[in-house]
2 protein chains.
Amino acid sequence: MRRLAQELDTGAASLYVYVANTAELHAAILEDLLGTVDLKLAKAEGDWQDRLIALLDSYTTVLFQNPALARSALIARPSGPNYLALVEAILALLHEGGMPNGQAALALDVLLQVATATAAEQSARDENESAAEEELSALVETLHSVDASSYPRIAAVGDDLFSGTPEERLGWAFHAIINGALATPRVSEH
Amino acid sequence: MRRLAQELDTGAASLYVYVANTAELHAAILEDLLGTVDLKLAKAEGDWQDRLIALLDSYTTVLFQNPALARSALIARPSGPNYLALVEAILALLHEGGMPNGQAALALDVLLQVATATAAEQSARDENESAAEEELSALVETLHSVDASSYPRIAAVGDDLFSGTPEERLGWAFHAIINGALATPRVSEH
DNA sequence: ACCTGAACACCGTTCAAGT
DNA sequence: ACCTGAACACCGTTCAAGT
């Protein structure tokens, strides 16, 4: 609030004429930013699943550009036209892939959540790079030096826990969620 | 920091002898809290998949108990023995279900991320209940009154976007991710 | 080695007073 | 209706000085 007010050469109090609180401000900025998501990716050629993943990648990239926003997007979702257009595009692709509505509604949530959370995670690292590197190397060290008799599965999986680029890992996650959503009926057996 | 210091009848500065910053403090508290996750659920009777979901539910419940912590857990993961034990238990169940190591490593990430993000989302709502209710009803209203010709898929899916309890929705997400992870090889075709 | 008070540099939000 | 300054009630972190 104070930073934005300064940018606008006014006092922070003045902003409260236009916005109720910081959460609302964040949601408004995000809604605006969502205008830069490339919706044309949904209508390109190729497999519906690949187009959906391209669209989700575009959404993730947009969030990556604004660290603090990604974090608040996890909590306060926007509801403007740009957000609706993104939701519509995702639902349309899931429909094209033959996913029943009930499952598509849930898949939408999980896909956006994973994309948003990944951006939030990564952007936090950007803000404090040295600390993040230290923490990661500490975790890698811990997991490597882990006692194979106490933690046999961690030892067995080993390097796989960290292998692959973030992009590959996120791409796999999208694929897995889409595949799983297709195969998982909504009224399950328990 | 200041609140914890007050609780301990000391100044905030004193805490920096034991902890480098707030992120480290949060990670330490979370690591401690993870000791209350019920790992016995992994060794109970029944389907490995149901046991895995019970374990993930237990993890989610623990995070629900501490709102602020869930949010920071998305960014700074702990690396203590309780965290390792949880990771080991999840990997063991995925192994029991016949999931290859490479896929299990990625599935672990996605499952914990979804659980953590869900707790973070929900806990933020707890902190400002009235604002959250308003926001949700505004979103429901928006999605209901949406122009069916501009957003046909949103209109078609309709109530499914909000149906089901949070528990059911999260349970479905876990199921879908596990199913998808089993069916999605790591080196994909693109 | 551990603790302290005080200070620095920030936040979001409210409110009476102005135009 | 919109804007302002000032204040309130917070933060995390640092640092010189104490024990």
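All values below were derived from every heavy atom in this structure, side-chain atoms included, with hydrogens, water molecules and symmetry-related copies excluded. Protein chains get the first letters and strands the later ones, always in sequence-line order, with residue 1 at the start of each.
- Here the closest non-hydrogen pair linking A:Ala115 and A:Thr60 is CB-OG1, 3.6 Å.
- Stems are defined here as 3 or more consecutive Watson-Crick or G-U wobble pairs with pairing distances under 3.5 Å; those involving DNA chain D are C:4-8 with D:12-16, C:12-16 with D:4-8.
- A side-chain donor-acceptor contact under 3.5 Å links B:Ser163 and A:Arg186.
- For A:Ser58 (side chain) and A:Ala54 (main-chain N/O), no donor-acceptor pair under 3.5 Å exists by modelled atom type.
- On the C1' atoms, C:dA9 is 16 Å away from D:dA9, given to the nearest whole Å.
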Let me have a per-nucleotide readout for nucleotides 8-19 of chain C, 5' to 3', with B, S or -, counting only protein heavy atoms under 4.0 Å.
---BBBBB----
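- Counting only distance, with no hydrogens or angles, the side chain of B:Thr116 and the backbone of B:Ala73 share no donor-acceptor pair below 3.5 Å.
- Judged by distance alone, with hydrogens and angles left aside, the side-chain atoms of A:Arg169 form no donor-acceptor pair with the main-chain N or O of B:Leu106 at under 3.5 Å.
- The OH atom of A:Tyr18 sits 13 Å away from the P atom of D:dA1 (whole-angstrom rounding).
- Residues A:Tyr16 and A:Asn21 share a closest heavy-atom pair of CE2-CA, 4.3 Å.
- The main-chain N or O of B:Thr165 is found under 3.5 Å from a side-chain atom of B:Glu168 such that the two form a donor-acceptor pair.
- Minimum interatomic distance between A:Thr118 and B:Gln113 (heavy atoms only, all atoms of both residues): OG1-NE2, 3.2 Å.
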